[in-house]
K.L.:
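Below you will find the structure I want to go over with you.
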Amino acid sequence: MEFQNLLINNRGAVRTITINRPSKLNALNHETISELQVAFDQAREDGSVRVVVLAGSGEKAFVAGADIAELSALSAVDAHRFSRAGQRMMRTIELLGKPVIARIQGFALGGGLEIAMSCHLRIGSEQARLGLPEITLGLLPGFGGTQRMLRLAGRAATLELCLLGAPVDAQRAYQLGLLGRVVASDSLDQEVDSVADQLAASAPHALAGILDAVLVGGEGSSAEGMDYESKAFAVCTTTADMREGTSAFLERRKPHFTGA
């Protein structure tokens, strides 16, 4: 498929998906959401891809939100379909089974923060500004923002950001758990690449098991989560990655046991 609003780049086992609408600050319209759905479906099915980086083109914004011009023309029925399409796409990211890193520079507002929160890791520059300003448009988040922020930042922070609509800076976002790391703007690409390379070199079955245990098992009771973890652990013990990893570990430990 030839994308109109996305750029796809592969660097070894790392695939970068860049939302490329700089004149609109990478705002999410229906076409872009549909393309993202296809792009992440392809990344899930491509065995050569172990890690995905989601980025926005330009320096001003990761994603500045939904496309307001398109949104304002929707009927209630169409708006519901738009919301559900965005939620479905972001759930695909969340359950990809491969780590997804959001590279956040500039603004990540509204739908931009919502898609960032569906990623597993979020690395932002010092210039990043994050928020859910839908209240200022007479709306509320429609792509899962209330629910993911509640789980990431807690009820008090979620109500403050959603009810007041004001964005927070990178350091405040880090304190709330909306960003996992904050780096200087000129170090952002280096940090993202370093984390992506570490993940790409990690055991894929173990990565998938961790994601499944946390994201799926964590939605149920503690007992259900333990069951997910146990099953993922059992699967990993049968993989070549585990055998190679334990052999290497024991080899490194041998001098400590032999006194060599």
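The shown structure was predicted, so the numbers you read here are calculated from the model rather than taken from an experiment.
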K.L.:
What is the minimum heavy-atom distance between Ala39 and Leu6, and which atoms define it?
P.N.:
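Of all heavy-atom pairs spanning Ala39 and Leu6, the closest is CB-CD1, 3.8 Å.
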K.L.:
Looking only at non-hydrogen atoms, find the nearest pair between Val53 and Ala196 and report the distance.
P.N.:
CG2-CB, 4.2 Å
K.L.:
Determine whether a donor-acceptor pair (N or O, by modelled atom type, separation under 3.5 Å) exists between the side chain of Glu35 and the backbone of Asn5.
P.N.:
yes
K.L.:
To the nearest 0.5 Å, what is the distance between NZ on Lys24 and CD1 on Ile19?
P.N.:
15.5 Å
K.L.:
Atom CG of Leu132 and atom CG of Leu163: how far apart are they, to the nearest 0.5 Å?
P.N.:
11.0 Å
K.L.:
Look at the side chain of Gln105 and the backbone N and O of Gln127, then say whether any donor-acceptor pair between them is shorter than 3.5 Å.
P.N.:
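Such a contact is absent between Gln105 side chain and Gln127 backbone.
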K.L.:
Could you measure the distance from the OG atom of Ser202 to the CD1 atom of Ile210? Nearest 0.5 Å is fine.
P.N.:
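Interatomic distance, Ser202 OG to Ile210 CD1, rounded to 0.5 Å: 8.5 Å.
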K.L.:
Which residue pairs satisfy the side chain to side chain donor-acceptor pair (under 3.5 Å) criterion with at least one member in residues 48-58, sequence neighbours excluded?
P.N.:
Asn20-Ser57, Asn26-Ser57, Asp46-Ser48
K.L.:
Between Pro167 and Pro133, is any pair of side-chain heavy atoms under 4.5 Å apart?
P.N.:
no
K.L.:
Roughly how far, to the nearest 0.5 Å, is the CD1 atom of Ile93 from the CZ atom of Phe40?
P.N.:
4.0 Å
K.L.:
Is it the case that atom CD in Glu31 sees more than 12 heavy atoms from other parts of the structure closer than 6.0 Å?
P.N.:
yes
K.L.:
Count the heavy atoms of every other residue, nucleotide or ligand shown that sit under 6.0 Å from CZ of Phe3, and state whether that count exceeds 12.
P.N.:
yes
K.L.:
Please check if Val214 and Met226 belong to a single hydrophobic cluster, counting links between Ile, Leu, Val, Met, Phe, Trp and Tyr side chain heavy atoms closer than 4.5 Å.
P.N.:
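No, it is not one cluster - the side chains of Val214 and Met226 are not joined through contacts under 4.5 Å.
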K.L.:
I need the minimum non-hydrogen distance between Ser83 and Phe143, along with the two atoms involved.
P.N.:
O-CD2, 3.7 Å
K.L.:
Under a plain distance cut-off of 3.5 Å, with no hydrogens placed, do Asp78 and Ser75 share a side-chain donor-acceptor pair?
P.N.:
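Yes.
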K.L.:
Does atom CD of Gln175 have more than 12 heavy-atom neighbours, drawn from other residues, nucleotides or ligands, at distances under 6.0 Å?
P.N.:
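Atom CD in Gln175 is crowded, with more than 12 foreign heavy atoms closer than 6.0 Å.
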K.L.:
Apply side-chain contact (heavy atoms from CB on, under 4.5 Å) to the pair Ile17 and Leu36, showing each step before the final yes or no.
P.N.:
CA-CA 8 Å; Ile17 300 173; Leu36 284 165; 4.0 Å; yes
K.L.:
Nearest heavy-atom pair of Met149 and Leu161: which atoms, and what distance?
P.N.:
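Between these two residues, the closest heavy atoms are CE-CD2, 3.7 Å.
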K.L.:
Short question: side chain of Ser221, backbone of Glu224 - any donor-acceptor pair under 3.5 Å?
P.N.:
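Flag set: sc Ser221 to bb Glu224 pair under 3.5 Å.
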K.L.:
First locate atom CE of Met117, then atom CG of Leu113, and finally report the distance between them rounded to the nearest 0.5 Å.
P.N.:
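Here the rounded value is 4.0 Å.
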K.L.:
Could you walk me through whether Val182 and Gln171 pass the side-chain contact (heavy atoms from CB on, under 4.5 Å) test, one step at a time?
P.N.:
CA-CA 7 Å; Val182 177; Gln171 288 301 325; 3.7 Å; yes
K.L.:
Would a hydrophobic clustering, with Ile, Leu, Val, Met, Phe, Trp and Tyr connected at side-chain separations under 4.5 Å, put Val14 with Leu121?
P.N.:
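Looking at the clustering, Leu121 is in the same group as Val14.
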K.L.:
Same cluster for Leu152 and Leu96 if Ile/Leu/Val/Met/Phe/Trp/Tyr side chains link at under 4.5 Å?
P.N.:
yes
K.L.:
Could you pull out the closest heavy-atom pair between Leu199 and Pro99, with the gap in Å?
P.N.:
CD1-CB, 3.7 Å
K.L.:
Between Ile68 and Phe62, is there a shared hydrophobic cluster once you connect ILVMFWY residues whose side-chain heavy atoms come closer than 4.5 Å?
P.N.:
yes
K.L.:
Are side-chain heavy atoms of Ile123 and Val195 found at a separation under 4.5 Å?
P.N.:
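Side-chain contact under 4.5 Å: yes.
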K.L.:
Going by salt bridge (charged side-chain N to carboxylate O under 4.0 Å, His left out), name the pairs with one or both residues in residues 191-204, residues two or more places apart or in two chains.
P.N.:
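Every salt bridge (charged side-chain N to carboxylate O under 4.0 Å, His left out) pair that includes a residue of residues 191-204, provided the two are not neighbours, is Arg11-Asp193, Arg11-Asp197, Arg181-Glu191.
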K.L.:
When you group the ILVMFWY residues by side-chain heavy-atom contacts below 4.5 Å and let the links chain together, are Leu71 and Leu109 in the same group?
P.N.:
no
K.L.:
Can you tell me if Glu70 has over 12 outside heavy atoms packed within less than 6.0 Å of its CD?
P.N.:
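Atom CD in Glu70 is packed in, count exceeds 12.
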K.L.:
Has Arg84 got more than 12 heavy atoms of other residues, nucleotides or ligands less than 6.0 Å from its CZ?
P.N.:
no
K.L.:
Looking at Ala27 and Arg21, what are the two nearest heavy atoms and their distance?
P.N.:
O-NH1, 2.8 Å
K.L.:
Does Thr158 reach the main-chain N or O of Leu150 with its side chain, forming a donor-acceptor pair under 3.5 Å?
P.N.:
yes
K.L.:
How about Val63 and Leu28: do any of their side-chain heavy atoms sit closer than 4.5 Å?
P.N.:
yes
K.L.:
Does anything in residues 102-129 form a salt bridge (charged side-chain N to carboxylate O under 4.0 Å, His left out)? List the pairs, not counting sequence neighbours.
P.N.:
Arg103-Asp189
K.L.:
Charged N to carboxylate O under 4.0 angstrom, Arg151 versus Glu94?
P.N.:
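No salt bridge links Arg151 with Glu94.
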K.L.:
Can you check whether Asp227's main-chain N or O pairs, donor with acceptor, with Ser230's side chain at less than 3.5 Å?
P.N.:
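Checked: no pair found.
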K.L.:
Between Thr239 and Val235 (side chain of the first, backbone of the second, donor and acceptor by atom type, cut-off under 3.5 Å), is there such a pair?
P.N.:
no
K.L.:
Between Arg148 and Ser118, does the side-chain contact (heavy atoms from CB on, under 4.5 Å) criterion hold? Intermediate values first, please.
P.N.:
CA-CA 7 Å; Arg148 288 196 176 91; Ser118 73; 3.9 Å; yes
K.L.:
Aromatic contact between Phe233 and Tyr228, with the criterion being ring centroids under 6.0 Å apart: yes or no?
P.N.:
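Distance test on ring centres: not under 6.0 Å, no.
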K.L.:
Show the numbers, then the answer: is there a side-chain contact (heavy atoms from CB on, under 4.5 Å) between Glu134 and Leu137?
P.N.:
CA-CA 5 Å; Glu134 286 86 350; Leu137 302 173; 5.7 Å; no
K.L.:
Once you round to the nearest 0.5 Å, how far does CG of Asp67 lie from CZ of Phe82?
P.N.:
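That separation rounds to 7.5 Å.
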K.L.:
Keeping the roles fixed (side chain from His120, backbone from Val100), state whether a donor-acceptor pair exists under 3.5 Å.
P.N.:
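Indeed, once roles are kept as given, a pair shorter than 3.5 Å links the two residues.
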K.L.:
Checking salt bridge (Lys or Arg N to Asp or Glu O under 4.0 Å) for the pair Arg44/Asp41: CA distance, chi angles, key distance, verdict?
P.N.:
CA-CA 5 Å; Arg44 182 186 59 233; Asp41 284 340; 3.1 Å; yes
K.L.:
Within the distance-only criterion (no hydrogens, no angle test), does the side chain of Lys98 pair as donor or acceptor with the backbone N or O of Ala43 below 3.5 angstrom?
P.N.:
yes
